[in-house]
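Following: one structure in structure tokens, then a few remarks.
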Amino acid sequence: MAVLTLMVLVLFQKTAGDTVHQTMVTTAPYGAGLDGVSVKCIRSSPDEHLPFSYSRPFKLDIPGVRNQTTTFPEGTTLLVADNTLEWVLPSITEAAGMYFCQGWNTYTKLTSTVYSIIHSNQRKFEPADGQVTKTVNKGENVTLAVIPANNGSLPLWHRFTYVGSRSNLASMQYVIQLSSGMVADGDFFVVTERDAALDDNHFGMIRLIIRGCVAGKWGPPDCAKVCEMCYNGGVCDDETGDCICPPGFSGPNCLTACGKHKFGWHCEYECGAENIIQSCTGSQFGLPDPYGNSCISGYYGKDCDTECSNGTFGAGCTQTCHCKSGTCDGFTGECTGSPECATGWSGSNCQIPDKCPVGYYGSECIRKCLCFNRTVPEGECDRVTGECSTPTEPLNVVLLAAIGGGILVVLIGVSLSVTFACLGRNRRQRHRTKQRDRRSNDDSAEYENNDAQDLRAEGSRPMTQEELPAQFYENDFRNLPKADVGHDEARCPYVEVVATPN
């Protein structure tokens with residue numbers, strides 16, 4: 001009976017798994033104006049057949065900026081292949097800016113959006129660490145930094161809300177610090193050269209991502225649920241509790257290393273000639289919020305072409321080796337020299353601590369405690385058995401003592417029915433909650449839908465709608481009831497994949 005009660009508690013605790021499995025890869029993220037710059041949206045199982053929308057989220061309304069629209073630049077070429085869409089951008093500085101790719105899950109009715117940012121090759125400022133996104137937790141203050149490029153010297157900061165309204169911030173500062181009350185999820189920061197013409201689109205850009213909960217929690221607005229334990233640089237999705245793994249790792253807890261130059265939600269893709277991505281180096285990889293953008297595992301820097309040094313590994317080389325030898329493989333974190341882990345660590349790449357963080361237990365610290373005694377740290381339990389750390393009984397035992405066996409069986413049946421019946425509704429409600437929170441912090445301006453673009457593969461006959469894969473044009477977002485669409489539908493203009501005949 002205790003086991004059955006525990007099953008009910010777990011079902012109520014876990015209603016995750018909504019994130020659309022897609023990756024956006026940007027080649028030459030600092031090369032707008034040069035040849036060979038592209039953005040590619042890649043879908044992974046089980047979402048390889050989901051419909052897409054894509055474009056730019058808003059206009060950069062700064063006087064002097066050239067041809068910033070909510071569509072792809074004129075001259076863009078669209079290439080369609082299995083599970084992928086690729087936009088080859090023209091070699092003009094007008095290609096600089098932010099792009100998005102949005103997938104829609106027809107079962108959960110939720111959307112998931114991945115963003116990509118491309119700087120001009122004439123930029124005068126760029127993010128200090130080379131990474132175009134910054135992720136923080138709810139309530140945390142924000143520090144943003146740029147460095148000069150191409151003789152930039154007088155930075156002027158602009159802040160765009162997610163609907164595109166602009167305000168000017170500090171000038172003459174390479175680093176700005178903002179309190180949590182001054183920023184909102186989706187804020188977009190643009191840095192221009194003060195008193196200089198903008199006809200070369202020389203601005204630097206950073207997109208801010210704010211999780212809707214404090215670290216380790218999910219489910220806004222109350223954020224009462226505990227995240228999955230995310231290893232190797234994975235980030236907890238504040239709306240599902242799932243881990244979004246960095247490029248180069250996979251699995252529910254990001255414990256599976258893909259290996260050198262491999263990526264995908266299931267490690268199914270690889271970089272190199274004749275592969276889906278020609279080169280991992282020089283490319284940035286975007287994943288759904290709150291992860292953002294990073295290099296693939298094993299590299300760091302603006303161009304993602306500098307290998308991790310001894311003692312670090314992972315995407316952007318942000319993870320620390322815990323090997324007795326002091327060195328590890330930069331792509332996987334596995335120990336080199338000696339396979340032994342340093343004292344206090346275990347696992348295939350020595351990232352699992354001997355003492356689990358509060359709220360977790362098990363050999364890999366991925367099982368969640370079910371303890372509710374407030375006299376000890378919340379959720380603390382024995383690492384091996386999961387038993388609560390004080391004589392006070394966990395909640396499931398209290399329930400067993402309070403009700404009879406017959407009543408318990410009835411409750412289990414009702415609980416299971418309610419859980420599965422409300423699963424889809426609860427997931428949609430979490431996304432709508434985040435939408436309301438964002439709108440309360442920003443202007444109420446709305447986007448205008450874009451006209452469908454005619455983007456044709458260079459040197460090929462235009463495809464008719466009948467020839468396009470069905471997933472690219474069915475389920476038109478514009479005709480869906482507003483209540484059934486996730487929060488990103490309202491903030492991203494829709495562009496169909498449609499090619500017209502001559």
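Nothing fancy with the numbering, it's 1 onward along the sequence.
Using modelled atom types, one side-chain atom of Thr133 and one backbone atom of Asn293 make a donor-acceptor pair closer than 3.5 Å. Looking only at distances, no side-chain donor or acceptor of Gln131 sits under 3.5 Å from a matching main-chain atom of Gln284. With hydrogens and angles ignored, the 3.5 Å screen pairs no side-chain donor or acceptor of Asn310 with any backbone N or O of Thr327. Put simply, the side chain of Arg211 never gets that close to the backbone of Trp218: no donor and acceptor are under 3.5 Å apart. Here the side chain of Tyr174 pairs no donor or acceptor atom with the backbone of Ala128 at under 3.5 angstrom. Remark: side-chain polar atoms of Gln173 are not paired, donor with acceptor, to backbone N or O of Trp157 under 3.5 angstrom. Within the 3.5 Å criterion, the main-chain N or O of Asp382 finds no donor-acceptor partner in the side chain of Thr385. At distances below 3.5 Å, at least one donor-acceptor pair connects side-chain atoms of Asn201 with backbone N or O atoms of Thr93. Within the 3.5 Å criterion, the main-chain N or O of Pro290 finds a donor-acceptor partner in the side chain of Thr135. Looking at Arg123, its side chain never comes within 3.5 Å of a backbone N or O of Phe125 through a donor-acceptor pair.
Cation-pi check for Lys302 over Tyr30 is met; the charged atom lies under 6.0 angstrom from the ring centroid and within 45 degrees of its normal.
Disulfide criterion (SG-SG under 2.5 Å) for Cys271 and Cys280: met. Remark: SG of Cys371 is not found under 2.5 Å from SG of Cys381. Remark: SG of Cys295 is found under 2.5 Å from SG of Cys304. If you check the gamma sulfurs of Cys101 and Cys41, they are less than 2.5 Å from each other. For the two cysteine residues Cys321 and Cys335, the thiol sulfurs sit 2.5 Å or further apart. Cys350 has its SG atom within less than 2.5 Å of the SG atom of Cys341.
When every heavy atom of Cys356 is checked against every heavy atom of Gly362, the shortest pair comes out as SG-O, 3.8 Å. Of all heavy-atom pairs between Phe331 and Gly298, the closest is CD2-CA, 3.7 Å. Of all heavy-atom pairs between Pro246 and Ala315, the closest is CB-CB, 3.8 Å.
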Given Cys230 and Cys245, is the disulfide bond (SG atoms under 2.5 Å apart) satisfied, shown in steps? CA-CA 8 Å; Cys230 302; Cys245 300; over 6 Å; no

Apply side chain to side chain contact (heavy atoms under 4.5 Å, CB included) to residues Ile62 and Leu198 and explain how you reach the verdict. CA-CA 9 Å; Ile62 302 176; Leu198 286 169; 3.5 Å; yes

Pair Tyr299, His261 - check ring pair (Phe, Tyr, Trp, His ring centres under 6.0 Å), show working. CA-CA 10 Å; Tyr299 297 97; His261 292 176; 5.7 Å; yes

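When the options Ser279, Ser283, Ser38 are evaluated for a side-chain hydrogen bond (donor to acceptor under 3.5 Å, both in side chains) with Thr27, the one that passes is Ser38.
Looking only at atom types and distance, the side chain of Ser153 has a donor-acceptor partner in the side chain of Glu193 under 3.5 Å away.
The line from OG1 of Thr77 to CD of Glu86 is 10.0 Å long, rounded to the nearest 0.5 Å. The distance from atom CD1 of Ile206 to atom CD of Glu126, rounded to the nearest 0.5 Å, is 10.5 Å. Here Trp87 contributes atom CH2 and Tyr99 contributes atom OH; the two are 11.0 Å apart, rounded to the nearest 0.5 Å.
Note: Phe58 and Phe160 have parallel aromatic rings, judged against thresholds of 30 and 60 degrees for the angle between ring planes.
For Arg207 and Asp289, the salt-bridge test passes: some basic side-chain N is under 4.0 Å from an acidic carboxylate O. Ion pairing between a basic and an acidic side chain is recognised when a charged N comes within 4.0 Å of a carboxylate O; Lys368 and Glu228 show such pairing.
Counted within 6.0 Å of NZ on Lys262, heavy atoms from surrounding residues, nucleotides or ligands total 12 or fewer; the atom is thus considered open.
The shortest distance between side-chain heavy atoms of Ser45 and His266 falls below 4.5 Å.
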